[in-house]
Amino acid sequence: MKLIFTGLVVVFVMLNLKAEEFISDFETDTTSIVDDKVNYKFSHDQNSVFINISTTDMNTMQSMLHMGVSVFFDIKGKKKQNVFVKYPLEPIRPDKQRGIEETLEEIETVEEIANKRNLRIKSIIENELPQKAEFSYFDDSEEFHILLNSIGISLAYTFDEEKGLLEYSLTIPKGKISDNPNADFKKLTIGIKSNLREEKSDTNRPTVSMGGRGSGGRPGGGIGGGQRGNGRQGGAGQRGGQGGSSDDSEHNKPKIEILDFWFDAAM
């Protein structure tokens, strides 16, 4: 009887060690970088690269949902914007009647404010986000359905209402990042940017707006540049804005967090 009990204990310990080894391998293969209010996760297998962007910050959610996100890949370790996935193609205009921004006069409690905002975010994801995205490889670009396509790229937004967590997930084959079957990914850098375009005002000063596709199919870059990291750090996302406004008008504008972040993703 003691022998059987001892055998069961040994098996139990071995299973625990195996499970811990599996968890350890998973954590090692997944790089997680926290930059200000945004968490970036990167992992890969033999064929594909996986990107996850998540935040609980309301202003960053507005940027991700209304402006959209472009993810850039550069296997030479620089910050070239020749290979990217952009989604959505055009900005989602905020609904002034039922937008995320609410006034305290309309709602009584903080909980009700949060609930209404959560419902609005879910509504955008389920009813307003389009099903088309853009993939660009140097001079070639094509639109594709985000879930059903023949190029192997998939992406989606999800929202955890209990945690108040918005997530953007992207899967892309390595063969789309480089068409060279012998490509070396040891210097791969990945950039995350809000979809912006530059417009000229009446005074010919460039301003940033929630525009759509840039000239030549290239998405507009964010304000400022991220610092290259060492697999753990990258450039901080920065806030965008429009120049030439008075203090009062700036104070009344909703804050929009502009994503502009590069990090090393060496494989």
Side-chain angles (χ1 to χ4, degrees), residues 33-42 51-74 79-95 99-101 120-121 124-125 128-130 132-136 141 146 155-159 165-170 172 189-200 206-229 234-243 245 250 253-263 265:
I33 306 168
V34 178
D35 177 67
D36 196 11
K37 303 169 184 176
V38 186
N39 187 20
Y40 301 89
K41 289 183 180 180
F42 159 79
I51 305 293
N52 179 274
I53 309 167
S54 61
T55 184
T56 57
D57 177 65
M58 185 58 62
N59 295 326
T60 306
M61 292 184 195
Q62 291 185 60
S63 170
M64 293 174 64
L65 291 173
H66 292 306
M67 294 182 182
V69 174
S70 289
V71 181
F72 301 89
F73 303 90
D74 187 348
K79 296 180 181 179
K80 300 292 185 180
Q81 301 182 22
N82 296 317
V83 181
F84 63 85
V85 175
K86 176 183 178 181
Y87 180 75
L89 301 179
E90 301 291 343
I92 305 299
R93 297 296 181 183
D95 189 328
I100 292 178
E101 302 84 11
R120 177 62 183 139
I121 292 172
I124 293 174
I125 294 175
E128 299 182 36
L129 285 178
K132 290 293 185 69
E134 176 187 358
F135 169 67
S136 183
S141 63
I146 61 175
L155 62 89
Y157 276 107
T158 58
F159 182 65
L165 180 71
L166 178 69
E167 293 187 82
Y168 167 98
S169 299
L170 169 68
I172 180 171
T189 51
I190 296 176
I192 314 292
K193 290 195 173 188
S194 299
N195 294 335
L196 305 177
R197 72 180 178 190
E198 290 187 356
E199 294 181 348
K200 290 187 177 181
T207 60
V208 177
S209 67
M210 283 194 273
R213 303 170 71 174
S215 60
R218 292 288 185 268
I223 298 175
Q227 301 294 325
R228 179 177 171 183
Q238 302 181 16
R239 292 179 182 175
Q242 294 185 345
S245 300
E250 286 294 332
K253 286 183 179 180
K255 296 178 181 178
I256 299 293
E257 295 289 340
I258 303 302
L259 300 181
D260 188 355
F261 187 86
W262 287 83
F263 61 92

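Counting heavy atoms from C-beta on, the side chains of Ile33 and Phe42 never come closer than 4.5 Å. Contact of the Asp260 side chain with the Lys193 side chain is registered, since non-hydrogen atoms from C-beta on lie closer than 4.5 Å. Ile92 is not listed as a side-chain neighbour of Leu65, based on a closest heavy-atom distance of 4.5 Å or more. Using a 4.5 Å heavy-atom cutoff, the side chains of Leu129 and Ile124 are in contact. A heavy-atom distance below 4.5 Å is found between the side chains of Thr55 and Met61. In this structure the side chain of Thr60 reaches within 4.5 angstrom of the side chain of Leu259, judged on heavy atoms.
Contact between Leu155 and Val85 at its shortest, heavy atoms only, is CD2-CG1, 3.8 Å. Of all non-hydrogen atoms in Phe73 and Ile190, the two that sit nearest each other are CD2-CG1, 3.9 Å. Pairing each heavy atom of Ser54 with each of Glu167, the nearest pair is CB-CG, 3.6 Å.
For the residue pair Asn195 and Ser70, a side-chain donor N or O sits within less than 3.5 Å of a side-chain acceptor on the partner.
For Ser63, the side chain to side chain donor-acceptor pair (under 3.5 Å) criterion is met by Ser194, not counting sequence neighbours. The ring pair (Phe, Tyr, Trp, His ring centres under 6.0 Å) check on Tyr168 picks up Tyr157, with sequence neighbours excluded. Looking at residues two or more places apart in sequence or on another chain, you find a side chain to side chain donor-acceptor pair (under 3.5 Å) between Ser169 and Asn52. By the ring pair (Phe, Tyr, Trp, His ring centres under 6.0 Å) test, Phe135 pairs with no residue at all, sequence neighbours left out.
Trp262 and Phe72 have parallel rings, their planes meeting at less than 30° on a 0 to 90° scale where 60° marks the start of perpendicular.
Distance check: Thr158 OG1 to Ile121 CD1 gives 11.5 Å after rounding to the nearest 0.5 Å. Going from atom CE of Met67 over to atom CG of Leu196 covers 5.0 Å, rounded to the nearest 0.5 Å. For the atom pair Met64 CE and Ile125 CD1, the distance stands at 9.0 Å (nearest 0.5 Å).
Each of Ile53, Ile192, Ile51 was evaluated against Leu170; a single residue qualifies, Ile51, per the side chain to side chain contact (heavy atoms under 4.5 Å, CB included) test. Partner of Asn39 under the side chain to side chain contact (heavy atoms under 4.5 Å, CB included) criterion, out of Val34, Thr56, Leu165: Val34 alone.
The backbone N or O of Ala156 sits nowhere less than 3.5 Å from a side-chain atom of Tyr87 that would complete a donor-acceptor pair.
Screening residues 57-73 for salt bridge (Lys or Arg N to Asp or Glu O under 4.0 Å), with sequence neighbours left out, gives Lys37-Asp57.
A salt bridge between Lys132 and Glu90 is absent, with no side-chain N of the basic residue lying under 4.0 Å from a carboxylate O of the acidic one.
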